[in-house]
Amino acid sequence: MLAELPTKYSPTTVEDKWFAHWMSKQYFKSTPDNREAFTIVIPPPNVTGVLHMGHTLNETIQDILIRHARMTGKNACWVPGTDHASIATEAKVVAMLKERGIDKKDLSREEFLKYAFEWKDKYGGIIIHQLEKLGCSCDYGRVSFTMDDHYYKAVIKVFVDLYNKGLIYRGARMINWDPVALTALSDEEVEYKEVQSKLYYVKYKLEVPNSTQEEFITVATTRPETILGDVAICVNPTDERYTHLKGASAYVPLVNRKIPIIFDEYVDKEFGTGCLKITPAHDLADYNIGLKHNLPIIDTLTENGTLSEAAGMFVGDDRFVARKKMAKALAEANLLAKEEEIKNKNGFSQRTNAVVEPRISTQWFLKMADMSKPTINAQATGDVTFFPDKFDNTFKYWMENIKDWCISRQLWWGQQIPAYYAPDGSFAVAENKEKAFENLRLTISDLRLEDIKQDEDVLDTWFSSWLWPIEVFNGITEPNNKEINYYYPTNVLVTGQDIIFFWVARMMMAGFEYQNQRPFADVYFTGMVRDKQGRKMSKSLGNSPELLGLIEQFGADAVRFGIMISSPAGNDLLFDESSCEQGRNFANKIWNALRLIKGWTIDNSTNPSNQFAIEWMNERIESVSADYHKLISEYKLSEALRALYSLIWDDFCAWYLEMVKPEFVDGKANPIDAKTYEATITFFEKLMHLLHPFMPFCTEEFYSFVKERNENDVLVIKQFNTQFSASSSSVLSNGELMKEIVSTIRDARNKNQLKPKDKLKLMIETSDKSSFEAIQSTVCKLANLTEITFNDSKAANAINFVIGNNKCYLDAGSLINTDSQKDDLEKELIYLEGFLKSVNAKLSNEKFVANAKPELVALEQKKKSDAESRLIAIKESLSGLN
RNA sequence: GGGAGCUUAGCUCAGCUGGUUCAGAGCACCUGCCUUACAAGCAGGGGGUCACUGGUUCGAACCCAGUAGCUCCCACCA
């Protein structure tokens, strides 16, 4: 049997086989029934491309949780899907078209959408395939997409509803403009980064009442190209340098437009020259000051960031080109006092990386102040719990200072805003054109249907994904249907901390608005996956491994292991391929344990000497299982995996199997007794159950292989028992004793050049014979002893060591190295004396005895007596050596 | 400018409500082994002033204050 099995486990074919099997059995399919539901909705990956390591981490965590729930008997439902990712995907499609020589401008909306859907079909398909390869147990019959027909309708319905509730409004506001994507952005889509800039000190000629003297005022600015849109100079009213300028005017350099000097406390006297030029069209602060002081607005930029006709100069030049030209022109006109290098922050578009331009534009907004309240409450009361909780404060702060959300985007890829305009500019918001028409005709009697036009803009992608936990169950389009009532609210959301505001917060708000309930009970935040040097994974650095390639190389189980073995919740994960190697080795280790077991022949004998091993292994599994389920419930998945790794590798393979493994006689393995064999199979099965959520493929393979059975598959037939009997501490502590003796003997062999094969005798002087008797046969086997005798006279050439306070003598026949024993014993002696000293110090400290808990004092007393008796044993052993 | 978090072995991190001499784990490293499950392995081993300085306490990696360094989030100083 054994010879037929290769020594290496090869995952590739096994994984595909099992995935196909699971699918054919429809194990992942969920329909509402009378069991408790356990629901997860996947954070839908963007259809911009393929899954990366961040997704891999995320999906693996979800799969572990969903498989664990399934195995505890819950009706587990994991909904997969993808996000249309409006701006991100549109940018990709535009770039793809450009490569093919097609300009978006030359396409109609319909033609463009056709390309976009082709793109979506391609990448959406790849993403689902990757999920399958990773072993994700999603209900693939539920694959959703944020632009599915029903989903599209849901988004429109919600827009109309919120508009009718007065929460959505349209207006001209200062917004963040992406001059590359040519669309508005929300505040969250702008990333501020520090850049090296120049601060230009520009002289403006003054006109001061009752003064003929030529005078200038110097203004510091980082954006001289916006000078052309200046409408005022602002100084602080308490700034004595400028108090004489009341009623004065200045001339905009080069164009000589006359503008007023105004006074506002907003201006920081310390910065630059204490003068601020006011350009309401191109800066939010200036815009607000402009409103306050009733200033005009001169928009000197076009939508793509070039200078407009209104600028009067450098028309058509890009803003950065114009900036340089302006500086040069100012210098030539002798109006540039100086230039200074400074660091300041610029806003960049999250998707195109273009420098964002503050711009006045007519957009659609959602009022947030009232909608945020139930969410703030839910988080404060623990209705929704964050793991880890360090995000509580930032979340609260953001929610309490929430601003209105700009939800319109000047794109084509997304849900088109259901506002319909009559030729006179009036509009109606309705679910379709016909309804809008009826509505508009109330005021415009001669209106024809073909006269009205739908708003060209689409909605922010998050305005659709905030409905995800609801509409994947058709909760918006068919309220109160059986599915939404059964699956909602979901149990846990597993997502990146970077989208806490974009998505988590908004899903919560939508949940309370449309279901009157939280969308999820827990949120598990993952960190960012970085490479082992701590760098972000990116295509340009080439440090982002390709998921399918990794799976090909190590197997999906190993990749899952690799990414889970050290992934602290909420902290960044430094991913190293070598941890996948560790996972592969782990699967291989189990495979070889299985080979060993499968190689045994069984007979009807009984072998009482295995009794201890069986009891001990059973207790170990029980004890670790309890920890394991607890750790998973606390989302400490790495720790749970580590505990299993050690249970399987150390306890089961290194100790248990060695304890029960039949010995070889005359080159032939003895058979194993049926009882031990059955126990071993049961342990193996239990271990496969426990490991299955983490490494589903190999555990399924090994489980199916270890025993013939009618009912099959680890995945469904066995339910986790989360009730545990109190473990037998004496068995576990005897196990520790056994390990200590065996390790000490092995170490003694090492130090005395005794071969593992040399049979030795052990004599123990002990007052606790029964503990040793329980492990006697096991110790003999693992340490290769012929016998253990008690309280016998010691052999002449024995190796001395002390276990607890029991003196042990290992009879090597001929003694080789007394020095190392003496060394070891003396080291131990010094340590123990120090230990005893500290314990005594504690116990003689009246305050300790008075203040510490009684059980603690008792513990110290026990430590003292244990140490004292051990000390005596060691001293006696030492004196025996002299 | 405001807020949050982090700093423990060469690396990545555990260390829950102070209490075994508490200083841990996994990698990595060193030594010896191809010992009939497994070299993707086995047996053993070395390694840390718990960032720094004070304080509270009978007792501090853990609590408090300050210092330094790192990370992240938020904010309209041009």
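Computed from a predicted model, the values in this text were never measured in an experiment. Numbers restart at 1 for each chain; the letters A, B, ... are given by sequence-line order, proteins then strands.
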One character per nucleotide, please: for nucleotides 22-28 of chain B, 5' to 3', B when the base has a protein heavy atom closer than 4.0 Å, S when only the sugar-phosphate does, - otherwise.
----SS-
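Whole-Å rounding puts the Arg223(A) CZ to C77(B) P distance at 15 Å. To the nearest angstrom, P of G59(B) lies 15 Å from CG of Leu843(A). Rounded to a whole Å, the CD atom of Glu581(A) is 9 Å from the P atom of A40(B). In this structure, Asn288(A) atom CG and C76(B) atom P are separated by 10 Å, rounded to whole Å.
Of the candidates A75(B), G19(B), C38(B), the closest approach to any side-chain atom of Asn588(A) belongs to C38(B). If you check A40(B), A37(B), U21(B) against the side chain of Glu658(A), the one that comes closest is A37(B). Taking every side-chain heavy atom of Thr222(A) into account, A78(B) is the closest of C73(B), U21(B), A78(B). Minimum atom distance to the side chain of Leu276(A) is reached by A78(B), of the listed C76(B), G19(B), A78(B). Distances from the side chain of Phe271(A) to the nucleotides G41(B), A43(B), A78(B) place A78(B) closest. Nearest to the side-chain atoms of Lys636(A) among the listed nucleotides G15(B), A37(B), C77(B) stands G15(B). Considering only side-chain atoms of Asn592(A), the nucleotide from A43(B), G44(B), A37(B) that sits closest is A37(B).
Distance noted for atom C1' between G46(B) and G5(B): 34 Å (whole Å). Rounded to whole Å, the separation between the C1' atoms of U21(B) and C27(B) comes to 27 Å. Spacing between C50(B) and G54(B) at atom P, rounded to whole Å, works out to 14 Å. Comparing A25(B) with A43(B), their P atoms are spaced 16 Å from each other, to the whole Å. Rounded to whole Å, the P atom of C16(B) lies 13 Å from the corresponding atom of A61(B). Atom name P, nucleotides U35(B) and U17(B): the rounded distance is 49 Å, in whole Å. Between G10(B) and C30(B), the distance separating the two C1' atoms is 14 Å to the nearest Å. Using C1' as the reference atom, G26(B) and A14(B) are 10 Å apart when rounded to the nearest Å.
Judged by Watson-Crick or G-U wobble contacts below 3.5 Å, the nucleotide U12(B) has A25(B) as its partner. In a base pair of the Watson-Crick type (N1 to N3 plus N6-O4 or O6-N4) or a G-U wobble (N1-O2 and O6-N3), with each distance short of 3.5 Å, U56(B) is matched with no nucleotide. Across all strands shown, A4(B) pairs with U71(B); the Watson-Crick or G-U wobble distances both stay below 3.5 Å. With a 3.5 Å ceiling on both atom-pair distances, C34(B) lacks any Watson-Crick or G-U wobble partner.
Distances shorter than 4.0 Å separate none of the side-chain N or O atoms of Lys853(A) from OP1 or OP2 on G19(B). Residue Lys390(A) places no side-chain N or O under 4.0 Å from the OP1 or OP2 atom of C73(B). Residue Lys589(A) has a polar side-chain atom (N or O) positioned under 4.0 Å from OP1 or OP2 of C42(B). At U21(B), one or more side-chain N or O atoms of Ser838(A) fall inside 4.0 Å of OP1 or OP2 (strictly under the cut-off). Taking side-chain N and O atoms only, Asn585(A) has a distance below 4.0 Å to OP1 or OP2 of G41(B). OP1 and OP2 of C76(B) both lie 4.0 Å or more from every side-chain N or O belonging to Lys345(A). For the pair Trp649(A) and A37(B), the criterion of a side-chain N or O lying under 4.0 Å from OP1 or OP2 is not met.
The 5' end of RNA chain B is approached more closely, in terms of each residue's nearest nucleotide, by Glu833(A) than by the other of Glu833(A) and Gly272(A).
Arg642(A) and Asp627(A) are not joined by a salt bridge, as no carboxylate oxygen comes within less than 4.0 angstrom of a charged side-chain nitrogen. A salt bridge links Arg870(A) with Glu828(A): the distance from a Lys NZ or Arg NE/NH1/NH2 to an Asp or Glu carboxylate oxygen falls below 4.0 Å. Taking 4.0 Å as the cut-off between side-chain N and carboxylate O, Glu634(A) and Lys630(A) count as a salt-bridged pair. With salt bridges taken as basic N to acidic carboxylate O contacts below 4.0 Å, none links Asp239(A) and Lys269(A). Ion pairing of Lys842(A) with Glu860(A) is present here, as a side-chain N (NZ or NE/NH1/NH2) and a carboxylate O approach within less than 4.0 Å. In summary, Glu357(A) and Arg359(A) do not engage in a salt bridge, as defined by a charged side-chain N under 4.0 Å from a carboxylate O.
Using a 4.0 Å heavy-atom cutoff across all strands shown, Asn845(A) reaches sugar-phosphate atoms only and no base atom.
Ring centers of Tyr9(A) and Phe702(A): under 6.0 Å apart, within the cut-off.
The shortest distance between side-chain heavy atoms of Tyr287(A) and Ile360(A) falls below 4.5 Å.
Of the candidates Phe652(A), Trp655(A), Tyr656(A), Tyr656(A) is the only one forming a ring pair (Phe, Tyr, Trp, His ring centres under 6.0 Å) with Phe683(A).
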